[in-house]
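Okay, structure first, notes after.
From a predicted model like this one, the values you see are computed outputs, not experimental measurements. Counting begins at 1 with the first residue of the sequence. Worth knowing before you read on, the calculation uses all heavy atoms, side chains too, and leaves out hydrogens, waters and symmetry mates.
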Amino acid sequence: VDDLLKRLPAGVAVIDFVRLSDWKFVNSEISIKNKEGNKETRTVRSSEARPVYDAFILRSNRTREQNPVRWVPLGAAEPIDDSIAAWRRMLVDPKRVASDSPRRLRDLIWDKLEPHLDGIHTVDVIADGNLHRLPWGALPGRQPGQYLIEEYALTAAASGQQLYGMLVNPRAKTKKQ
């Protein structure tokens, strides 16, 4: 983290999204008959997983002592994934009635992140899950009629390793095929 912090330009934040399973463990009481035919109550532990999104924000203008990494739980993945799918359907079908999906995505994702972005003008997004399908710059801005791209310069990287490689060797040429 320290090396990456040194290489990030001032005013830049990296948001690394993670789609993961939030496990919930439940104890249930069940009744069974033992070998002698008597009724017994036993506790059974079961688990269920709920997909969620979390975000980790790394800010360029923070040191390790200033806690440069912020964890922002975004909540259940289903409403986010459903809103992304609805927005994309609206974008590809011009006859489809406009939906509130862009505003809902702003509420579900960006409004939770923005309090951690004071002084930031550039955001590098490392998406996971269906967040790869989200047109980040087209999210609604703070004011009606504005878009996120008008408030932040947005970039994307496929992974933290890719971003680090670009920062270590910014002028690296790719091989032509």
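Asn34 meets the side-chain hydrogen bond (donor to acceptor under 3.5 Å, both in side chains) test with Glu36, Glu40; sequence neighbours excluded. With sequence neighbours excluded, no residue forms a side-chain hydrogen bond (donor to acceptor under 3.5 Å, both in side chains) with Tyr147.
A salt bridge does not link Lys112 with Asp107: none of the charged nitrogens is closer than 4.0 Å to a carboxylate oxygen. Classification of Arg50 and Asp22 as a salt-bridged pair holds, one side-chain N sitting under 4.0 Å from a carboxylate O. Arg142 and Glu114 are joined by a salt bridge, as a carboxylate oxygen and a charged side-chain nitrogen come within less than 4.0 angstrom of each other.
Among residue pairs with one or both ends in residues 157-168, those qualifying as side chain to side chain donor-acceptor pair (under 3.5 Å) are Asp3-Tyr164, Ser159-Gln161; sequence neighbours excluded.
Leu131 is not listed as a side-chain neighbour of Val125, based on a closest heavy-atom distance of 4.5 Å or more.
Within a 6.0 Å radius of CD in Gln146, other residues, nucleotides and ligands contribute more than 12 heavy atoms.
Between the CG atom of Leu117 and the CD1 atom of Ile57 there is a distance of 5.0 Å, given to the nearest 0.5 Å. Taking CG of Leu139 as the reference point, atom CZ of Arg106 lies at 7.5 Å (rounded to 0.5 Å). Distance NE2/His116 to CZ/Phe56: 12.0 Å, rounded to 0.5 Å. A distance of 5.5 Å separates CG in Leu134 from CH2 in Trp87, rounded to the nearest 0.5 Å.
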Evaluate salt bridge (Lys or Arg N to Asp or Glu O under 4.0 Å) for Asp54 paired with Arg19, printing each intermediate quantity in order. CA-CA 7 Å; Asp54 286 351; Arg19 188 177 199 274; over 6 Å; no
